[in-house]
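All values reported here derive from a predicted model rather than from experimental measurement.
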Protein chains: 2
Amino acid sequence: MKSELCLTHILPIRDALDIISGKWKIPILTALCIHKRRFKELHRDVPGITAKMLSKELKDLEINGLVKRTVYETMPVSVEYAVTEYGHTLNPIIFALRDWGLKHRVKILSEDKVEV
Amino acid sequence: MKSELCLTHILPIRDALDIISGKWKIPILTALCIHKRRFKELHRDVPGITAKMLSKELKDLEINGLVKRTVYETMPVSVEYAVTEYGHTLNPIIFALRDWGLKHRVKILSEDKVEV
DNA sequence: CAGTATCCTCTGAGATACTG
DNA sequence: CAGTATCTCAGAGGATACTG
């Protein structure tokens with residue numbers, strides 16, 4: 001129970017957070033996990049994101065091998081984003097976050113009733 | 001598979017991220033999950049954090065009911081931080097992040113060998 | 001010991017307009 | 001359609017010094 005054990009827990013968590021932290025990466029991956037999408041569809045389905053942030057975050061995700069970008073030479077071009085096999089290894093994190101968020105919302109709502 | 005379904009996935013995730021996002025909250029909770037700690041012990045065991053950030057993040061975590069602060073009127077005072085019962089509901093997220101971080105590190109290291 | 005107080009930097013993120 | 005280019009700013013985060 002000393003610092004070394006603590007580090008073996010915290011350091012991998014920091015590795016993970018370095019890659020997926022921020023306001024948008026997990027929401028984007030969540031949308032893409034449901035099914036692959038084109039840029040504009042993502043822009044529409046991830047509420048509140050700007051084109052600039054979406055573009056930047058998709059690049060980060062692609063660099064880290066979590067998302068694959070495919071360009072179709074239609075006219076005009078269409079671009080499709082999909083979660084890679086490696087990206088799907090994040091599913092347990094995504095599900096855990098979603099489960100907790102759902103329960104948390106229920107908790108907050110019930111507390112509001114009591115407080116007010 | 002339309003936007004509504006997407007929202008039911010993304011909105012709870014944003015609720016969760018609003019509370020635990022940032023560089024320090026999950027590492028702090030991880031340290032406290034192993035066992036409760038005093039301020040200075042946390043400062044030592046969460047690598048790289050400053051006293052200011054630790055203080056701020058602990059306040060946020062306390063406000064959200066994830067951490068409990070207990071003051072002992074020793075001389076000088078000692079303060080103990082512990083994860084609340086509600087805070088422990090985050091364990092699945094913490095474990096998922098840690099598992100993924102560990103596997104990711106293995107992947108990165110093996111890729112480095114191939115590349116170099 | 002358990003924090004505050006200052007000061008500072010940097011970047012995550014938004015708004016708006018524009019392009020191949 | 002799928003992005004870029006600017007501009008802007010709040011606040012996350014860090015360094016250092018100080019206090020009850």
Side-chain angles (χ1 to χ4, degrees), chain A residues 3 10-11 13-32 35-64 66-82, chain B residues 3 10-11 13-32 35-64 66-82:
Chain A
S3 316
I10 291 180
L11 292 187
I13 283 173
R14 292 182 66 163
D15 290 342
L17 290 177
D18 281 348
I19 289 178
I20 61 168
S21 70
K23 186 172 177 179
W24 297 115
K25 291 197 180 66
I26 291 286
I28 290 169
L29 284 169
T30 304
L32 287 178
H35 58 82
K36 57 190 176 184
R37 277 177 173 77
R38 288 162 59 182
F39 188 88
K40 192 175 190 182
E41 296 173 312
L42 269 174
H43 194 187
R44 183 195 61 206
D45 291 341
V46 178
I49 197 167
T50 61
K52 182 187 123 188
M53 284 308 296
L54 182 54
S55 174
K56 174 187 168 292
E57 298 291 72
L58 284 169
K59 272 177 195 155
D60 289 347
L61 292 170
E62 198 189 355
I63 286 170
N64 285 303
L66 302 171
V67 158
K68 178 154 175 50
R69 178 177 186 269
T70 311
V71 180
Y72 294 100
E73 293 299 343
T74 53
M75 193 58 176
V77 293
S78 62
V79 180
E80 194 171 75
Y81 291 93
Chain B
S3 317
I10 291 179
L11 292 186
I13 282 174
R14 293 184 65 165
D15 291 342
L17 290 178
D18 282 346
I19 288 177
I20 61 167
S21 71
K23 186 174 177 179
W24 298 115
K25 291 197 180 65
I26 291 286
I28 291 169
L29 284 168
T30 304
L32 288 178
H35 58 81
K36 57 191 177 185
R37 276 180 174 75
R38 288 163 60 183
F39 188 88
K40 192 172 189 185
E41 296 173 314
L42 269 174
H43 193 187
R44 183 194 60 207
D45 292 340
V46 178
I49 196 166
T50 60
K52 181 186 124 187
M53 286 308 295
L54 182 54
S55 173
K56 174 186 167 293
E57 299 291 70
L58 284 170
K59 271 175 196 157
D60 289 348
L61 293 171
E62 199 190 353
I63 286 170
N64 285 304
L66 301 171
V67 158
K68 176 151 176 49
R69 180 178 186 268
T70 310
V71 180
Y72 295 100
E73 292 299 344
T74 52
M75 192 58 177
V77 293
S78 63
V79 180
E80 195 171 74
Y81 291 93

Query raised in the report: Rounded to the nearest Å, what distance is computed from the CZ atom of residue B/Arg38 to the P atom of nucleotide C/dA2?
Result: 4 Å
Report task. For A/Tyr72 and D/dA2, give me the distance from atom OH to atom P, rounded to whole Å. Result -> 12 Å
Query raised in the report: Can you tell me if B/Thr30 uses its side chain to pair, donor with acceptor, with the backbone of B/Ile26 under 3.5 Å?
Result: yes
Report task. Let me know the distance between CD of B/Glu80 and P of C/dG3, rounded to the nearest Å. Result -> 12 Å
Query raised in the report: Between NZ of B/Lys52 and CG of B/Leu54, what distance do you get to the nearest 0.5 Å?
Result: 12.5 Å
Query raised in the report: What is the distance from CG of A/Asp18 to C1' of D/dA12, rounded to the nearest Å?
Result: 15 Å
Side chains of residues 14-21 of chain A: which donor-acceptor partners sit under 3.5 Å, not counting sequence neighbours?
unit_1, atom_1, unit_2, atom_2, d
A/Arg14, NH1, B/Pro47, O, 2.7
A/Asp15, OD1, B/Arg105, NH2, 3.3
A/Asp15, OD2, B/Arg105, NE, 2.9
A/Asp15, OD2, B/Arg105, NH2, 3.0
A/Ser21, OG, A/Leu17, O, 2.9

**Report entry** Pairwise distance CG(B/Leu58) to CD1(B/Ile28) - rounded to 0.5 angstrom
**Finding:** 5.0 Å
Report task. Examine C/dA2: is either OP1 or OP2 under 4.0 Å from a nitrogen or oxygen in the side chain of B/Ser55? Give yes or no. Result -> no
Query raised in the report: For A/Glu41, which residues count as a side chain to side chain donor-acceptor pair (under 3.5 Å) partner, sequence neighbours excluded?
Result: none
Query raised in the report: Please give, in whole Å, the distance from D/dG3 C1' to A/Arg37 CZ?
Result: 19 Å
Report task. Can you measure from CG (B/Asp45) to CZ (B/Arg37) and round to the nearest 0.5 angstrom? Result -> 4.5 Å
Report task. Please identify each residue that fulfils side chain to side chain donor-acceptor pair (under 3.5 Å) with B/Lys56, with sequence neighbours left out. Result -> B/Asp60
Query raised in the report: Does anything in residues 68-78 of chain B pair up under salt bridge (Lys or Arg N to Asp or Glu O under 4.0 Å), and if so which pairs, sequence neighbours excluded?
Result: none
Query - Nucleotide C/dG12, atom P - distance to CD1 of A/Ile19 in whole Å - result: 15 Å
Query raised in the report: Starting at NZ of B/Lys59 and ending at C1' of C/dA2, how long is that distance when rounded to a whole Å?
Result: 11 Å
Query raised in the report: Looking only at side-chain N and O atoms, does B/Tyr81 come under 4.0 Å of OP1 or OP2 in C/dC1?
Result: no
Query raised in the report: About how many Å separate CH2 of A/Trp24 and OG1 of A/Thr50, when rounded to the nearest 0.5 Å?
Result: 7.5 Å
Query raised in the report: Would you say a side-chain N or O of A/Lys40 is under 4.0 Å from OP1 or OP2 of D/dA2?
Result: no
Report task. Scan B/Lys25 against the nucleic acid and name what it touches under 4.0 Å (heavy atoms): base, sugar-phosphate only, or nothing. Result -> nothing
Report task. Dot-bracket for DNA chain D, please, read 5' to 3', with Watson-Crick or G-U wobble pairs under 3.5 Å on both distances, ( ) within the strand, [ ] crossing, | other strand, . unpaired. Result -> ||||||||||||||||||||
Query - Atom-pair distance (CZ on A/Arg44; P on D/dC1), nearest Å - result: 10 Å
Report summary line: Nucleotide by nucleotide, nucleotides 13-20 of chain C touches protein heavy atoms under 4.0 Å in the pattern (B base, S sugar-phosphate only, - none) BBB-----
